[in-house]
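What follows is a single structure, written as structure tokens, with notes after it.
We're numbering straight along the sequence, starting at 1. Ligands are counted one by one from 1 in listed order, and the atoms in each one are counted from 1 as well.
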Amino acid sequence: MSRERIYDTRFVKKGDREGLKFASSKIAEGEVVAFPTETVYGLGADALNEAAVKKIFEAKGRPGDNPLIVHIRDKSQIDELVSEITPVARILIDKFMPGPITVIMPKSDKVPYCVTAGLDTVGVRMPSHPLCNEFLKMCGCPVAAPSANLSGSPSPTTALHVMNDMDGYISAIVDGGECEVGLESTVVDATGDVPVILRPGAVTKEMIDEAVKMDSDYKGQLESGQTPASPGMKYRHYAPTADVEIITLPVTDADIDPESEDLDDDQKQKLFDIASPFILRSQAILKVNPAARIGFFTGREVKVLFSKIGDKILSSHVNFYVYGASGDVEAASHCLFDGLRLLDRQEVDVILAAGFKGDGLEVAYMNRLAKAAGKTGGDVPSHAYEQINKGVAEISLDEFENVFTASLLFVSEDDRNLGAICEGILTDLIRKKGPFCSVDDTKIGAELYVESAGLYAEDGRGPDEYSCDAFFEVTGGNITHHLSKRADVSVFDANDLILTVSDSQAFEVLNSYPELEGRVFSLSSYMASKGLVMKGEGGQIASVAIPDPEGQEYEVYKHTVAALKAWIEILFPYIIKDLGAQRFA
Ligand code: TXA
Ligand code: MG
């Protein structure tokens with residue numbers, strides 16, 4: 001399957017009317033465009049144009065033998081796509097469209113077989129996402145689309161995810177923000193007498209049962225409903241590079257503010273029940289592999305308890321992705337694919353992910369998580385907790401302390417190459433040298449963040465390929481996912497320390513925002529303020545003006561990364577201190 005980077009992919013920001021017009025005209029021209037829906041982003045093409053549909057498979061890097069869903073913006077479009085609307089289909093359409101459901105019906109002759117992978121049925125879906133509907137309306141045709149991920153990646157739930165997988169391979173990406181649901185639609189076969197769920201989603205079995213039961217014609221037919229495997233199942237779905245283990249939460253109804261000072265014993269116990277299996281399991285993993293990096297996809301209770309027990313060694317091995325309150329399955333679903341992508345990108349060895357019991361959205365969430373865990377299939381049942389309880393006797397709930405956060409901003413011109421490189425280097429250092437605590441109180445953990453922005457940046461551009469390669473060669477790290485963003489007041493405000501790449505940029509920022517005085521430095525003025533002088537290879541005082549390597553030879557990129565790495569390493573202890581943090585002793 002050929003996959004050639006031949007497009008200058010246009011990134012269409014929210015509110016860019018002209019861009020939306022461009023994107024929809026590309027669909028009409030038979031090209032491929034990624035668009036948001038309330039479930040996940042789709043990779044769309046004119047469903048009635050065979051040549052266009054084939055391009056979807058090329059962009060996705062997978063063979064065209066998995067059927068695609070056809071997206072519509074109005075129910076009146078269904079008639080031309082299907083040869084029959086069964087009574088079951090009618091109920092589902094009336095009750096759940098627009099929404100996160102795909103209804104499988106017998107296809108009409110108009111729908112090409114490349115859309116349905118040779119099947120005589122077609123899946124129809126009417127999303128409820130407003131921008132999606134606007135886009136589909138402008139396209140003027142039904143749009144066939146699978147999820148917009150590269151084959152082997154999790155479905156994308158942000159435009160950034162799509163950018164990571166599809167930049168250069170499609171005409172445009174329409175940014176509609178984070179997908180609300182975060183899991184793909186419920187796929188229901190409605191060709192027979194009873195609805196059959198082929199893939200669970202946010203429209204749950206209970207909701208479908210209820211809808212069918214309410215319909216007087218269908219009372220009583222339901223008992224025979226069964227759940228065969230989805231045809232899509234034969235594809236290995238996303239499995240992160242890391243092993244995934246599911247830790248089923250013992251309680252999900254705990255409504256506890258983990259920061260609260262006065263938890264009663266019952267609340268403390270619940271908090272402990274939720275968090276301790278994660279802690280014990282990671283301790284066990286570290287026993288086997290003392291170098292392991294462990295990703296936690298958990299609720300905030302786990303993180304709070306974790307930071308409060310203050311196991312520094314353990315903390316230095318764990319990366320957190322917190323989806324919200326532990327028991328919030330909607331939040332967990334919303335964040336699951338983003339969390340898996342991010343933790344994988346941070347190159348953890350194992351991901352410990354919260355699992356849910358229950359019949360609602362829990363079914364869809366666990367279905368996706370189980371697929372991600374497929375490789376190892378690990379599930380640590382919560383009843384293992386009895387042993388766990390003994391093992392974590394050293395966790396004392398009384399030692400709870402707070403965590404503070406501080407962040408640094410790198411400012412460059414366009415926030416593509418230099419921004420990505422600086423951010424990548426410092427992020428890596430923080431990860432490797434942590435954990436940190438407050439300068440004032442070693443019991444208070446410090447979480448340090450890094451971001452970058454450009455004074456004249458266009459939003460959403462990635463670094464040059466040379467930058468990414470050079471960064472990898474010099475540091476072993478990965479900056480391919482970096483996207484540029486424009487520096488504005490809110491970005492400045494959100495950061496405690498702002499370092500610009502050149503002197504003139506620091507002047508420019510201070511000129512416009514004099515109130516930032518004391519927080520903004522150029523790399524060289526910051527260095528000078530610490531009494532440091534940078535010497536070049538020949539011992540001469542080196543200029544700290546770092547030109548953007550754009551357009552230069554690869555060697556220049558490499559040199560740029562190496563120089564920035566050297567400088568940021570020297571500045572690192574000062575940066576940490578200025579952010580109010582220090583390493584745990
Ligand atoms: O939420 C969603 O459904 C997203 C957004 C973009 O709409 N789309 C999506 O598409 O997840 P995709 O291609 O990743 O998954 C489509 C699923 C596959 O499991 C496929 O086998 C099933 O729907 N499907 C599609 N048409 C079918 C058909 N005619 N018969 C049986 N299954 C079908
Ligand atoms: Mg998919």
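Of all the atoms in ligand 1, the ones that sit under 4.0 Å from a non-hydrogen atom of Ile69 are 3 (O), 8 (N), 9 (C), 10 (O), 16 (C). Within the listing of ligand 1, atoms 5 (C), 6 (C), 7 (O) sit less than 4.0 angstrom from a heavy atom of His71. Of all atoms in ligand 1, numbered sequentially from 1 with element shown, those under 4.0 Å from a heavy atom of Thr121 are 28 (C), 29 (N), 30 (N). Near Leu119, meaning under 4.0 Å from any of its heavy atoms, are these atoms of ligand 1: 28 (C), 29 (N), 30 (N). Taking a cut-off of under 4.0 Å to the non-hydrogen atoms of Val187, the atoms of ligand 1 that pass are 23 (O). Counting the atoms of ligand 1 from 1 in the order shown, those under 4.0 Å from a heavy atom of Gly42 are 6 (C).
Between Asp464 and Arg416, the closest heavy-atom pair is OD1-NH2, 2.6 Å. Counting all heavy atoms, side chain and backbone alike, Val329 lies closest to Leu361 at O-CD2, 4.0 Å.
For the pair Arg368 and Phe337, the cation-pi test (distance below 6.0 Å, angle within 45°) is failed.
Under the 3.5 Å distance criterion, with hydrogens and angles disregarded, no donor-acceptor pair is assigned to the side chains of Glu50 and Tyr113.
For ligand 1, the polar-atom distance check finds an N/O of Ser147 within less than 3.5 Å of one of the ligand's N/O atoms.
Looking at Ala145, Pro67, Gly123 and measuring to atom 25 (C) of ligand 1, the nearest heavy atom belongs to Pro67. When the options Glu38, Arg199, Arg125, Glu184 are ranked by their closest heavy atom to atom 15 (O) of ligand 1, first place goes to Arg199. The option with the heavy atom closest to atom 21 (O) of ligand 1, from among Val40, Ile56, Asn66, Leu68, is Asn66.
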Below 3.5 Å, can you tabulate the donor-acceptor pairs from side chains in residues 90-102 to any protein atom, sequence neighbours excluded?
residue: Thr102; atom: OG1; partner: Ser185; partner atom: OG; Å: 2.8

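The Mg ion (ligand 2) lies under 2.8 Å from an N, O or S atom belonging to Ser147.
Note: His129 and Phe35 fail the aromatic proximity criterion, with ring centroids not under 6.0 Å apart.
Residue-environment remark: OH (Tyr321) exceeds the threshold of 12 foreign heavy atoms within 6.0 Å. Under a cut-off of 6.0 angstrom, the local environment of NZ in Lys75 is crowded, with over 12 non-hydrogen atoms contributed by other residues, nucleotides or ligands.
Contact annotation for Leu198 and ligand 1: only side-chain heavy atoms (C-beta onward) come within less than 4.0 Å of the ligand.
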